[in-house]
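Have a look at the structure below before the remarks.
Note that the coordinates shown come from a computational prediction; the quantities given were computed from them, not determined experimentally. In what follows, every chain begins at residue 1, and chains take the letters A, B, ... in the order their sequences are listed. Keep in mind that the numbers below use all heavy atoms, side chains included, and drop hydrogens, waters and symmetry copies.
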2 protein chains.
Amino acid sequence: MGVMERVAAPRRKKAARPIVVEAAHIATDTLLRGDCISEMAKLPDNCIDMIFADPPYNLQLGGDLFRPEGGRVDAVDNDWDKFDTLGSYDRFTKSWLREARRILKPNGSIWVIGSYHNIFRVGTALQDEGFWILNDIIWRKSNPMPNFKGTRFTNAHETLIWASQGEDAKYTFNYKAMKTLNDELQMRSDWVLPICGGQERLKRNGTKAHPTQKPEALLYRVMLACTKPGDVVLDPFFGTGTTGAVAKRLGRKWIGIEREDDYIEVALERIEAALPLDESALTIMQTARQQPKVAFGTLVETGYLTPGVLLRDAKRRWQAEVRADGSLLVGTDTGSIHKMGATLQNAPSCNGWTFWHVEVEGKLQPIDTLRQTYLLANEP
Amino acid sequence: MGVMERVAAPRRKKAARPIVVEAAHIATDTLLRGDCISEMAKLPDNCIDMIFADPPYNLQLGGDLFRPEGGRVDAVDNDWDKFDTLGSYDRFTKSWLREARRILKPNGSIWVIGSYHNIFRVGTALQDEGFWILNDIIWRKSNPMPNFKGTRFTNAHETLIWASQGEDAKYTFNYKAMKTLNDELQMRSDWVLPICGGQERLKRNGTKAHPTQKPEALLYRVMLACTKPGDVVLDPFFGTGTTGAVAKRLGRKWIGIEREDDYIEVALERIEAALPLDESALTIMQTARQQPKVAFGTLVETGYLTPGVLLRDAKRRWQAEVRADGSLLVGTDTGSIHKMGATLQNAPSCNGWTFWHVEVEGKLQPIDTLRQTYLLANEP
DNA sequence: TCCAAAACTGAATCGCGAT
DNA sequence: CATCGCGATTCAGTTTTGG
């Protein structure tokens with residue numbers, strides 16, 4: 001099998017799934033003790049909304065099962081050892097990604113974090129398995145460990161990959177919440193966050209409980225961006241349970257998989273102590289897309305606008321008359337608020353809600369404010 | 001052939017090389033016209049000190065993309081960026097990397113730049129061919145193009161991989177120069193630099209000469225870090241010759257390979273005109289752009305403020321609840337700290353950092369002090 | 001000539017639901 | 001599955017235009 005076949009891995013097409021996917025009932029807010037691949041294998045198809053994975057880079061932690069049977073070569077030969085290592089790591093990665101893909105809902109998404117040691121293997125495997133990369137995100141550490149020897153650049157970041165089930169798959173992205181979190185600017189692909197230390201860093205007998213504990217702030221942003229309250233989040237490499245703790249805090253359900261008893265003990269204790277936020281604090285800014293739609297005609301029907309009223313653009317270059325059916329009349333031409341705005345500007349499209357204005361006490365006000373007023377008055 | 005064989009590509013062992021490598025005499029400061037693989041094939045073994053490569057990214061763009069105000073994005077739609085499958089892109093990548101590895105000196109190093117579309121394929125291929133990754137470097141763009149549709153995170157960075165010939169290979173790294181360039185702090189793996197625009201951006205007949213011209217500041221830092229004066233730098237995807245121009249300015253020799261006549265013409269003219277750097281240009285290249293400020297949401301994510309906490313103004317006239325996304329809730333109205341402060345005071349604008357306070361031991365403290373605390377704890 | 005406002009630009013995998 | 005209509009969506013910076 002060559003490169004072509006490798007890339008031709010079975011790809012999940014939207015149409016190949018049932019239109020209505022009934023989520024199987026699964027136990028949530030629970031930790032599964034065992035190997036991530038065999039534990040994922042026990043879960044039904046399409047039951048997870050988001051996966052967050054922090055896989056090991058070191059094959060001693062996860063790869064023994066994947067070493068070729070009897071293929072042990074001369075240990076003196078470094079090249080063969082490397083060959084063994086990269087190949088094993090790739091097979092390990094593909095195996096757990098394949099299970100992850102099966103249990104992830106069609107509109108779910110996956111996050112994987114890694115460093116330059118493994119992230120290129122992971123990214124390639126994600127693409128080969130049919131996942132569709134949406135962004136790569138750089139976690140820029142504000143206080144990284146210096147490079148003591150001075151032989152390279154200070155390794156001051158880690159990379160996360162965010163991917164959907166496929167090119168045409170939908171996915172959850174709370175755009176407005178991210179924009180709000182970033183002082184009203186679009187959230188970028190580089191995130192500046194401190195490493196996990198101080199009180200947050202879990203200790204056991206005075207030493208770090210886990211070598212690569214991730215900061216809760218990182219999971220907080222991931223989960224706030226890509227899940228809704230009540231969603232099920234799976235972490236197949238649970239470690240000390242940062243994913244579980246943040247999920248509980250943010251009102252998401254969680255499933256963790258971990259096989260080291262020491263980590264499990266610390267994780268359960270930690271999550272037990274985590275305090276969930278109350279509902280009003282969990283509410284996030286919604287995009288206009290997520291709000292109920294109001295047709296322009298509704299404003300006319302309900303008397304917010306009277307047929308015959310004149311609308312104007314912001315610069316008073318054009319005017320249009322509102323008709324009883326919610327269409328606009330410009331000269332002899334008629335159409336929707338959007339179509340007429342586009343036609344007049346000779347543009348491919350136009351948002352009529354912000355283009356057209358109505359005169360109130362001598363001042364022009366976009367008709368979108370009328371819609372907001374209507375929504376406020378008519379929403380539960 | 002599976003993953004195992006794929007990884008077993010012929011690899012060059014250090015011991016298989018002569019201890020003393022006599023550099024073959026090659027023509028430098030020259031542009032080779034043609035395909036990068038066949039032109040590299042004409043060069044002798046072990047003749048290049050550093051390779052900088054900016055290969056096609058294999059973007060897979062859909063139809064036209066329009067900006068909110070109506071303009072059309074001038075996308076990369078060149079034939080040189082089109083590949084049929086991931087498999088054919090991988091084969092192309094491995095082919096040019098194999099030649100690159102052959103002509104690179106044992107103690108040379110290679111840089112490759114890419115985005116999430118291709119960089120994981122490139123990184124995997126580098127490792128499979130036997131290169132040893134030293135760092136991945138993040139070019140954080142200070143002025144990236146926004147995500148116009150609000151569907152993902154703003155794609156605000158590109159990734160560079162820096163690799164040596166192997167785990168035990170030596171390589172050039174001018175540690176002190178990098179530290180000096182970075183105000184006596186170790187140079188980190190994330191570099192903030194603006195994209196190439198303004199006067200630097202080369203034009204032909206009023207339009208950009210190349211769709212993906214790289215900024216000279218990026219090459220300046222790469223070359224200053226990893227080459228010595230007189231070293232030979234090869235760029236197999238020369239484009240409009242940024243690598244050549246910077247090499248000339250820094251007293252390095254250069255070889256470029258390019259097959260498009262239009263680019264060649266522009267590149268030669270540009271390099272001809274390139275002068276040794278003057279002080280002002282040096283300052284621009286060395287000065288890191290101002291880091292982004294701390295967003296209010298970051299304080300929420302990192303636990304400096306908990307969602308649900310109440311903020312008050314200095315005179316306790318109003319109060320607001322902090323929500324999970326860093327927005328404030330006052331009555332039924334929501335918005336950023338600045339917007340809500342302005343709304344309540346009926347003012348055109350408001351500095352939320354000084355307007356809002358949090359109660360600590362019975363006393364009100366402006367939230368700006370929390371920001372100061374955060375900065376003190378997390379500055380690099 | 002100068003200043004302010006408007007227009008333009010950058011490696012982009014950029015909507016969604018009804019018919 | 002393609003087509004169509006509704007209507008949501010942008011940041012930092014440079015260059016051009018207009019007064």
Mind checking [X] for me? I need base, sugar-phosphate or nothing, with any heavy atom below 4.0 Å counting as a touch.
{"X": "A/Thr287", "result": "sugar-phosphate"}
{"X": "B/Asp54", "result": "base"}
{"X": "B/Ala75", "result": "base"}
{"X": "B/Pro215", "result": "nothing"}
{"X": "B/Arg72", "result": "nothing"}
{"X": "B/Ser115", "result": "nothing"}
{"X": "B/Gly63", "result": "base"}
{"X": "A/Leu185", "result": "sugar-phosphate"}
{"X": "B/Glu69", "result": "base"}

[N] [atom2] sits how many Å from [X] [atom1], rounded?
{"X": "B/Lys149", "N": "D/dG7", "atom1": "NZ", "atom2": "C1'", "value": "10 Å"}
{"X": "A/Trp132", "N": "C/dC14", "atom1": "CH2", "atom2": "P", "value": "8 Å"}
{"X": "A/Glu184", "N": "D/dT10", "atom1": "CD", "atom2": "C1'", "value": "13 Å"}
{"X": "B/Lys141", "N": "D/dT10", "atom1": "NZ", "atom2": "C1'", "value": "16 Å"}
{"X": "B/His210", "N": "C/dT9", "atom1": "NE2", "atom2": "P", "value": "18 Å"}
{"X": "A/His338", "N": "D/dT9", "atom1": "NE2", "atom2": "C1'", "value": "14 Å"}
{"X": "B/Arg67", "N": "C/dC8", "atom1": "CZ", "atom2": "C1'", "value": "8 Å"}
{"X": "B/Asp64", "N": "C/dG15", "atom1": "CG", "atom2": "C1'", "value": "15 Å"}

Heavy atoms, side chains only, cut-off 4.5 Å: are A/Cys350 and A/Trp356 in contact?
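They are not in side-chain contact.
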By the definition ring-ring contact (aromatic ring centres under 6.0 Å, His included), identify the one residue from B/Phe52, B/Trp111, B/Trp80, B/Trp96 that meets it with B/Phe237.
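So, applying the ring-ring contact (aromatic ring centres under 6.0 Å, His included) to B/Phe237 and each of B/Phe52, B/Trp111, B/Trp80, B/Trp96, only B/Trp96 qualifies.
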Quiz item: [X] side-chain donor-acceptor pair to [N] base, under 3.5 Å:
{"X": "B/Arg152", "N": "C/dT13", "value": "yes"}
{"X": "A/Ser349", "N": "D/dA8", "value": "yes"}
{"X": "B/Arg201", "N": "D/dG13", "value": "no"}

Check: B/Trp139 ring centre within less than 6.0 Å of B/Trp191 ring centre
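Centroid separation for B/Trp139 and B/Trp191: 6.0 Å or greater.
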Ignoring hydrogens and angles, tell me if any N or O in the side chain of A/Arg371 forms a donor-acceptor pair with the backbone of A/Phe296 under 3.5 Å.
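Checking the backbone N and O of A/Phe296 against the side chain of A/Arg371, no donor-acceptor pair under 3.5 Å is found.
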Is the A/Tyr304 ring parallel, tilted or perpendicular to the A/Tyr374 ring (thresholds 30°, 60°)?
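Because their plane-to-plane angle is over 60°, the rings of A/Tyr304 and A/Tyr374 count as perpendicular.
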Fit a plane to each ring of B/His210 and B/Tyr263, take the angle between them on a 0 to 90° scale, and name the class: parallel (under 30°), tilted (30 to 60°) or perpendicular (over 60°).
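Rings of B/His210 and B/Tyr263: tilted, 30 to 60°.
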Indicate whether OP1 or OP2 belonging to [N] is found under 4.0 Å from a side-chain N or O atom of [X].
{"X": "A/Tyr175", "N": "C/dG15", "value": "no"}
{"X": "B/Asn155", "N": "C/dT13", "value": "yes"}
{"X": "A/Asn351", "N": "D/dA8", "value": "yes"}
{"X": "A/Gln291", "N": "D/dA8", "value": "no"}
{"X": "A/Ser336", "N": "D/dC6", "value": "yes"}
{"X": "A/Lys179", "N": "D/dT10", "value": "yes"}
{"X": "B/Lys208", "N": "C/dG10", "value": "yes"}

Does the structure show a Watson-Crick or G-U wobble partner for [N], both distances under 3.5 Å? Name it, or say none.
{"N": "D/dG19", "value": "C/dC2"}
{"N": "D/dT10", "value": "none"}
{"N": "C/dC14", "value": "none"}

5'-most contact on DNA chain D: B/Pro144 or A/Lys339, nearest heavy atom basis?
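Per heavy-atom nearest nucleotide, the more 5' residue is A/Lys339.
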5'-most by nearest nucleotide on DNA chain D - B/Gly197 or A/Thr354:
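Nearest-nucleotide comparison on DNA chain D picks A/Thr354.
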Minimum-distance nucleotide to B/Thr151 side chain [options: D/dA8, C/dG15, C/dG10]
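My answer, after comparing the listed nucleotides, is C/dG15.
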Apply ring pair (Phe, Tyr, Trp, His ring centres under 6.0 Å) to residues B/Phe83 and B/Phe92 and explain how you reach the verdict.
CA-CA 9 Å; B/Phe83 294 82; B/Phe92 164 73; 5.2 Å; yes
Separation of the P atoms in D/dA8 and C/dA11, to the nearest angstrom:
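Roughly 30 Å separates the two P atoms.
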Mapping B/Lys214 and B/Gly150 to their closest nucleotides on DNA chain C, which lands nearer the 5' end?
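It is B/Lys214, whose closest nucleotide lies nearer the 5' terminus.
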Answer syn or anti for D/dT16, where the cut-off is 90° from 0 on the glycosidic torsion.
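Because its glycosidic torsion lies more than 90° from 0, D/dT16 adopts the anti conformation.
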Pairwise distance CG(B/Asp54) to OG1(B/Thr243) - rounded to 0.5 angstrom
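Answer rounded to 0.5 Å: 8.0 Å.
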